[in-house]
Amino acid sequence: MKPPPKSSSHPSTHPLHAPSPLSSALPDPSQVSSLHPYSLALFLLGCRWDLQKDFLGQAFLALGEVIGGQGSRVERPLTGVPGKKCGTILLTAEELSNCRDIATMQLCANKLDKKDFFGKSDPFLVFYRSNEDGTFTICHKTEVVKNTLNPVWQPFSIPVRALCNGDYDRTVKIDVYDWDRDGSFTALQPSHDFIGEFTTSYRELSKAQNQFTVYEVLNPRKKCKKKKYVNSGTVTLLSFSVDSEFTFVDYIKGGTQLNFTVAIDFTASNGNPLQPTSLHYMSPYQLSAYAMALKAVGEIIQDYDSDKLFPAYGFGAKLPPEGRISHQFPLNNNDEDPNCAGIEGVLESYFQSLRTVQLYGPTYFAPVINQVARAAAKISDGSQYYVLLIITDGVISDMTQTKEAIVSASSLPMSIIIVGVGPAMFEAMEELDGDDVRVSSRGRYAERDIVQFVPFRDYVDRSGNQVLSMARLAKDVLAEIPEQLLSYMRTRDIQPRPPPPANPSPTTGPEQP
């Protein structure tokens, strides 16, 4: 691991030292598996015998720092009491396993009541999760099996959190209906014919892993009217299995590293960096759109990268001294080692490049995409995942080559984030995003959707609050990264490794683009 970046020579009023968007976005506990700019504010209170509370200290940190720490543990000093050492606090991140289990089951029925005048019945099942207030919520409906009193339904899967919210003993109610062509189904007034019902629980269902479980289907109205009523048939649970749904957090805890690479547009269409109208203008009072996008995204991702060393490139500029046009030059002017120490190191190199290179053109994406793809292709065991951030102001000049590069990279452990800055129209970037139509090249389609495009102008706060603008951008830009990482792991059948011990032996760093 290389040493951390040196302190910036800029005064504290420089926008580089603006508050991080992390400090203004509070965590949503239900979204722990996401790469969002969440922060934790911890206040430790001591309780005396008279129930009065004494303030013992406080700590502020990003959620990603905890998840990305060794063994998902992090220790921080407590502060907040002037002139007093408050001690330290040790935080450990753990995701509840029972909230991400997937239950797969198959059921059949026998001798159900006949409901159709000219035929038998067309039965289907409706599953309900019980709520704390005693009400029930529909959580699953099976397919309809036509014209039989002895249906066998197809196996289906359902998240345990949907079935019982992780409470293994919570009541699960199952209704049996006969489907009617003119019927409809709502929770309050189902208009299909009711055959009967029975109740169970997740714990009882899970017993079917070892043996068949048979339930009597009862119709309360028939039971009250007919003295000799026994039941309206039976439902048998034929099979039941549970699998864990791996999450983004599982892979991060198992040691998967996110390797962040930056590529910045230095084409002339951005305007003269010395002029306030330029998208690269280095104002002493506020960050440019380029710097805001870089800071917003980078400060989140860096918490998931252990060495905090980021390759950073520019494209579309003439380089001194001979004026050679480059579409892939290191911002730190070091061809052998393009790494910058931390996001502030990337920003410093970016500012320095603006002072030395000449903005020119055209806008080529393919060279830097292929550069990162070559690094990603060398490590396919799930230990490394590459994220390329491209910040640009306009129309792409090598669309055909870029599509080819994206299609090739879609089979690699890699994602691409494109942030468009300025007032240009970005129709071509929307095409690369692939949300509606998968990117293709020469008749070959991308294996996965790995591109996320956002126009920065959609996230600019109208009041001019840059911190809020960065927080909004980071939230949406990074929202797809966890699922893209999981899609790669699933297609390669890569399971997360067990979390390492608290003090593991040093490991070699990732291959750098």
Side-chain angles (χ1 to χ4, degrees), residues 31 33-36 100 102 157 243-252 254-263 297 300-301 304-305 311 365-390 392 396 398-420 426 428-454 474-497 510-511 513:
Q31 298 293 327
S33 296
S34 301
L35 258 178
H36 288 177
R100 51 192 173 90
I102 302 293
S157 298
D243 296 302
S244 290
E245 181 184 43
F246 295 124
T247 67
F248 172 75
V249 173
D250 290 326
Y251 288 96
I252 296 300
T256 298
Q257 292 287 307
L258 297 188
N259 299 300
F260 183 49
T261 301
V262 179
V297 177
I300 309 302
I301 286 187
Y304 299 84
D305 188 316
F365 285 2
V368 72
I369 293 175
N370 289 329
Q371 173 80 358
V372 177
R374 285 191 290 271
K378 296 178 181 179
I379 305 175
S380 58
D381 62 356
S383 63
Q384 312 289 337
Y385 193 86
Y386 290 78
V387 178
L388 169 61
L389 171 65
I390 300 175
T392 184
I396 185 172
D398 65 339
M399 176 61 83
T400 300
Q401 294 86 346
T402 295
K403 283 185 176 181
E404 177 71 19
I406 290 172
V407 170
S408 298
S410 67
S411 63
L412 302 173
M414 175 177 170
S415 290
I416 302 169
I417 299 169
I418 304 174
V419 177
F426 294 109
M429 304 303 172
E430 297 285 359
E431 184 179 349
L432 296 178
D433 192 298
D435 281 345
D436 298 322
V437 180
R438 190 65 61 87
V439 177
S440 64
S441 174
R442 302 179 186 178
R444 190 165 59 108
Y445 283 86
E447 182 178 312
R448 302 180 296 122
D449 176 17
I450 64 169
V451 179
Q452 165 80 339
F453 167 75
V454 295
K475 181 178 183 295
D476 273 14
V477 155
L478 296 171
E480 293 187 13
I481 297 298
E483 180 52 40
Q484 288 175 358
L485 181 149
L486 291 173
S487 71
Y488 173 78
M489 300 299 184
R490 283 195 295 263
T491 59
R492 297 299 181 272
D493 196 25
I494 298 173
Q495 296 188 3
R497 300 174 181 178
E511 180 75 21

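Each residue takes its place number in the sequence, starting with 1. Keep in mind that this is a model prediction, so the values were computed, not measured.
- Under the side-chain hydrogen bond (donor to acceptor under 3.5 Å, both in side chains) criterion, E430 pairs with no residue, sequence neighbours left out.
- With hydrogens and angles disregarded, a donor-acceptor distance shorter than 3.5 Å links the side chain of D398 to the backbone of F365.
- Across E404 and R444, no two heavy atoms sit closer than the pair OE2-NH2, 3.3 Å.
- For the atom pair I481 CD1 and L258 CG, the distance stands at 8.0 Å (nearest 0.5 Å).
- Contacts of Y385 classified as ring-ring contact (aromatic ring centres under 6.0 Å, His included), with partners at least two apart in sequence or in another chain: none.
- Between F248 and L485, the closest heavy-atom pair is CE1-CD1, 4.1 Å.
- A side-chain donor-acceptor contact under 3.5 Å links S487 to the backbone of Q484.
- Here the closest non-hydrogen pair linking Y488 and S411 is CE1-O, 3.5 Å.
- For the side-chain contact (heavy atoms from CB on, under 4.5 Å) with I417, the qualifying choice from L478, V454, L388 is L478, the only one to do so.
- The shortest heavy-atom contact between G382 and I494 is N-CD1, 3.9 Å.
- Legend: residues meeting salt bridge (Lys or Arg N to Asp or Glu O under 4.0 Å) with E431, ordered by chain and number and at least two apart, are K403.
- For D250 (side chain) and T247 (main-chain N/O), a donor-acceptor pair under 3.5 Å exists by modelled atom type.
- Scanning for salt bridge (Lys or Arg N to Asp or Glu O under 4.0 Å) contacts around D381 gives R497, with sequence neighbours left out.
- At least one donor-acceptor pair closer than 3.5 Å links the side chain of R438 to the backbone N or O of E447.
- A donor-acceptor pair under 3.5 Å is formed between the side chain of R448 and the backbone N or O of L412.
- Considering all non-hydrogen atoms of both residues, D476 and Q452 come closest at O-NE2, 3.1 Å.
- For S410, there are no side-chain hydrogen bond (donor to acceptor under 3.5 Å, both in side chains) partners at least two apart in sequence or on another chain.
- The side-chain hydrogen bond (donor to acceptor under 3.5 Å, both in side chains) test applied to Q401 returns no partner, not counting sequence neighbours.
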- Task: For side chain to side chain contact (heavy atoms under 4.5 Å, CB included), just list the numbers for I300 and V477, CA-CA rounded to whole Å, side-chain angles, deciding distance to a tenth of an Å, and then say yes or no.
- Result: CA-CA 11 Å; I300 309 302; V477 155; over 6 Å; no

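- A perpendicular orientation is assigned to the rings of F246 and Y251, their planes being inclined by more than 60° (bins at 30° and 60°).
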